[in-house]
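Predicted model only: the values in this text are computed from it and were never measured.
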Amino acid sequence: MELTNEQRKYLGLELIEPSWERVEIANNSLKPELSTGKDILFFDGDILRKVIWYQDSGSFSEDSFYLKTQDNRTMIAPITARGKPKRLNGVNIQRCKSYGMYVRFSGGYEHRGSIDLANYTTQQTYYSSYIAGISDMNENELQVFLDKWIADTSTEDLAEIQAFAKAKRRHCKYKEGDFFRFRYDRRNYGYGRILMDVRQFIKSGGVFWNILMGKALCVSIFHIVTEDPNVTIAELLQCNSCPSEYIMDNRIFYGEYEIIGNAPLPENQDEIDYPIMYGQSISGDDRDKICYCRGKKYCEIPLAGNHLLQKNFRNNGISFLCCINKRLIEECIQARSNNPFWEQQPKKSFSHDLRNPMFQKELEYVNMQMGI
């Protein structure tokens, strides 16, 4: 599908000007007959201003650019004096820097999907239907969603998303013990806490099984969904929380998860819920050992003479966001437990977490083996 300018206005996207020229190209420039969709380009003279990437399955995305072209719009002009022109096609355009708001919809009639609305410049997400706990949609359902989005948008909402679209990138400091606030949707907030900064711990001399990608933070999300943006730390400390997870620091570093305060973590590390990583070393230099890591506690034993559990419990999967959404948190609140968390989608990485109640016997064995 292709958005209208009316829809773009309410999504904070840059509008398509009447003077811009629309050009369609196959998304496989080398073999157009093998294309699985098309790229819709909008030009302001020789300047490429917007691209809609459309897949035959129904998936689409829309980005804003300011790319100078040359040779009758067949080449992307070099940015620097030393640069060389590149052929204008979808692959080369994607290698160029876009700016401002963008929208992504992954789905279609055969493959239902979700919608994300975010900002390249700030590296922040304004809205994600997955985080909001909304079931995957097809194109028709997406149209219904957009109609409701527009109908529910107040004057304040419109001003907010326009300000979000024009915001500048910022870098935020954080530390262990910080509490943060984030949005599930346009009305409801969630809260979480940083339990560990892996990079800082290693930098300070701590020993950690460093098999996580990126700048890893251990965070937990509280059992709370509220319209109140001013929940106190004292109130949060009375809430239960989901099992902690390792995520990359992007959402906190760029300010999407806003720090609201700090409190000391318990001195006894056993009182803090850390993920457990267990398994054979993946180091090419020393694979002949079994490693165990729970937060700031690391130990290892020789592989020879010790039985290694066959299931992969390294639990080293890491993402840009936590494996939670509004619907899941509400289920945990209603159940007054984390059972809904452990039961969702067994293929996710936390299905390899020894804290999962289904692995109680395996956890007992590992604790005994590692002398925990």
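Remark: the backbone N or O of I134 is not paired with any side-chain donor or acceptor of S129 at under 3.5 angstrom. A distance-only check finds a donor-acceptor pair linking the side chain of N315 to the backbone of I276 [under 3.5 Å]. Listed for the E62 side chain is no donor-acceptor partner under 3.5 Å among the backbone atoms of M101. Between the side chain of Q124 and the backbone N or O of Y254 there is at least one donor-acceptor pair closer than 3.5 Å. Side chain of R170 to main chain of G255: a donor-acceptor pair is present (N/O by atom type, distance under 3.5 Å, no hydrogens or angles). With hydrogens and angles ignored, the 3.5 Å screen pairs a side-chain donor or acceptor of E235 with a backbone N or O of T232. Of the possible polar contacts, one joining the H352 side chain to the N312 backbone as a donor-acceptor pair under 3.5 Å is found. T121 contributes a side-chain N or O that, together with a main-chain N or O of G100, makes up a donor-acceptor pair within less than 3.5 Å. The backbone N or O of I252 lies less than 3.5 Å from no partner atom in the side chain of D249, so there is not a single donor-acceptor pair. Under the 3.5 Å distance criterion, the side-chain polar atoms of N338 are matched with a main-chain donor or acceptor of S241.
Salt-bridge annotation for D71 and R87: absent, with no side-chain N of the basic residue lying under 4.0 Å from a carboxylate O of the acidic one. Salt bridge annotation for E17-R49: absent, with no cationic side-chain nitrogen under 4.0 angstrom from a carboxylate oxygen. Salt bridge status for E21 with R73: present, with a side-chain N to carboxylate O gap under 4.0 Å. With respect to the salt-bridge test (charged N to carboxylate O, under 4.0 angstrom), the residues E258 and R181 qualify. Using a 4.0 Å cut-off between a side-chain N of Lys or Arg and a carboxylate O of Asp or Glu, K326 and E331 do not qualify as a salt bridge. The existence of a salt bridge linking D63 and K97 is excluded, since no basic side-chain nitrogen approaches an acidic carboxylate oxygen closer than 4.0 Å.
Annotation: side chain of C291 is not in contact with side chain of M277 (no heavy-atom distance under 4.5 Å). Side-chain atoms of K289 and N306, non-hydrogen and from C-beta on, never get closer than 4.5 Å to each other. For the pair L265 and I272, the minimum side-chain heavy-atom distance is below 4.5 Å. Using a 4.5 Å heavy-atom cutoff, the side chains of I202 and N210 are in contact. Within the 4.5 Å cutoff, no side-chain heavy atoms of K50 are placed close to those of F65. Side-chain contact between M248 and K215 is absent, with no heavy-atom pair separated by less than 4.5 Å. Put simply, the side chain of E245 reaches to within 4.5 Å of the side chain of I324, judged on heavy atoms. Looking at Y184 and V225, their side chains come closer than 4.5 Å, going by heavy atoms from C-beta outward.
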Worksheet entry | Derivation and outcome, ring pair (Phe, Tyr, Trp, His ring centres under 6.0 Å), residues Y120 and Y99 | CA-CA 5 Å; Y120 272 122; Y99 70 90; 9.1 Å; no
Item to complete: Apply side chain to side chain donor-acceptor pair (under 3.5 Å) to Y127 and D116, showing your working.
Response: CA-CA 6 Å; Y127 179 86; D116 295 284; over 6 Å; no
Worksheet item: Can you list the steps and then say if Q7 with Q143 is a side chain to side chain contact (heavy atoms under 4.5 Å, CB included)?
Response: CA-CA 10 Å; Q7 292 169 329; Q143 288 286 5; 3.3 Å; yes
Item to complete: Give the intermediate values and the outcome of side chain to side chain donor-acceptor pair (under 3.5 Å) for residues S244 and R355.
Response: CA-CA 10 Å; S244 63; R355 296 173 300 169; 3.2 Å; yes
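Shown here is Q360, whose CD atom has no more than 12 heavy atoms of other residues, nucleotides or ligands within 6.0 Å. The environment of CD in E2 is crowded: more than 12 heavy-atom neighbours from other residues, nucleotides or ligands sit within 6.0 Å. The environment of K68 atom NZ is sparse: at most 12 non-hydrogen atoms of other residues, nucleotides or ligands sit within 6.0 angstrom. Environment of NZ in K296: crowded, with over 12 heavy atoms of neighbouring residues, nucleotides or ligands closer than 6.0 Å. The number of heavy-atom neighbours closer than 6.0 Å to OH of Y66, taken from other residues, nucleotides and ligands shown, is 12 or below.
Counted by atom type alone, D39 and N27 present zero donor-acceptor pairs between their side chains at under 3.5 Å. There is no side-chain donor-acceptor pair under 3.5 Å between S283 and D286. The closest side-chain donor-acceptor pair between D185 and N188 falls under 3.5 angstrom. Checked by atom type, the side-chain pair Y298/E300 shows a donor-acceptor distance below 3.5 Å. A side-chain donor-acceptor contact under 3.5 Å links R327 and S135. A donor-acceptor pair shorter than 3.5 Å cannot be found between the side chains of Y54 and E24.
With rounding to the nearest 0.5 Å, the separation of OH in Y191 from CD1 in I329 is 14.0 Å. Annotation: the span from N92 atom CG to C96 atom SG amounts to 7.0 Å, rounded to 0.5 Å. In this structure, CG in L321 is found 10.5 Å from CG in N250, a value given to the nearest 0.5 Å. Interatomic distance, CG of L217 versus OH of Y174, reported as 4.5 Å (0.5 Å rounding). Between the CZ atom in R199 and the CG atom in L212 there is a gap of 13.5 Å [rounded to 0.5 Å]. Here the NZ atom belonging to K148 is positioned 8.5 Å from the CZ atom belonging to F145, to the nearest 0.5 angstrom.
Hydrophobic cluster membership differs between I79 and M75, with clusters built from Ile, Leu, Val, Met, Phe, Trp and Tyr side chains linked at under 4.5 angstrom. Under the 4.5 Å side-chain heavy-atom criterion for grouping Ile, Leu, Val, Met, Phe, Trp and Tyr, V103 is connected to M137 within one hydrophobic cluster. With hydrophobic clusters built from ILVMFWY side chains whose heavy atoms lie under 4.5 angstrom apart, I247 shares a cluster with F341. Grouping the Ile, Leu, Val, Met, Phe, Trp and Tyr side chains by contacts below 4.5 angstrom, directly or via other members, places M370 with F359. Residues F105 and L117 fall within the same hydrophobic cluster, defined by Ile, Leu, Val, Met, Phe, Trp and Tyr side chains chained together at heavy-atom separations under 4.5 Å.
Not less than 6.0 angstrom separates the ring centroid of Y278 from the ring centroid of Y292. A distance below 6.0 Å separates the ring centres of F182 and Y257. Separation of the F320 and Y246 ring centroids does not fall under the 6.0 Å cut-off.
Between I211 and I282, the shortest heavy-atom distance links the atoms CG2-CD1, 3.6 Å. Annotation for R193 and G177: closest pair NE-O, 3.3 Å, computed over non-hydrogen atoms. Scanning all heavy atoms of the two residues, the minimum distance from D273 to C242 falls at OD2-O, 4.0 Å.
Ring geometry, H171 versus F253: the interplanar angle falls under 30°, so the pair is classed parallel (tilted spans 30 to 60°).
Only one option out of K166, R186, R183 pairs with E160 in a salt bridge (charged side-chain N to carboxylate O under 4.0 Å, His left out); it is R183.
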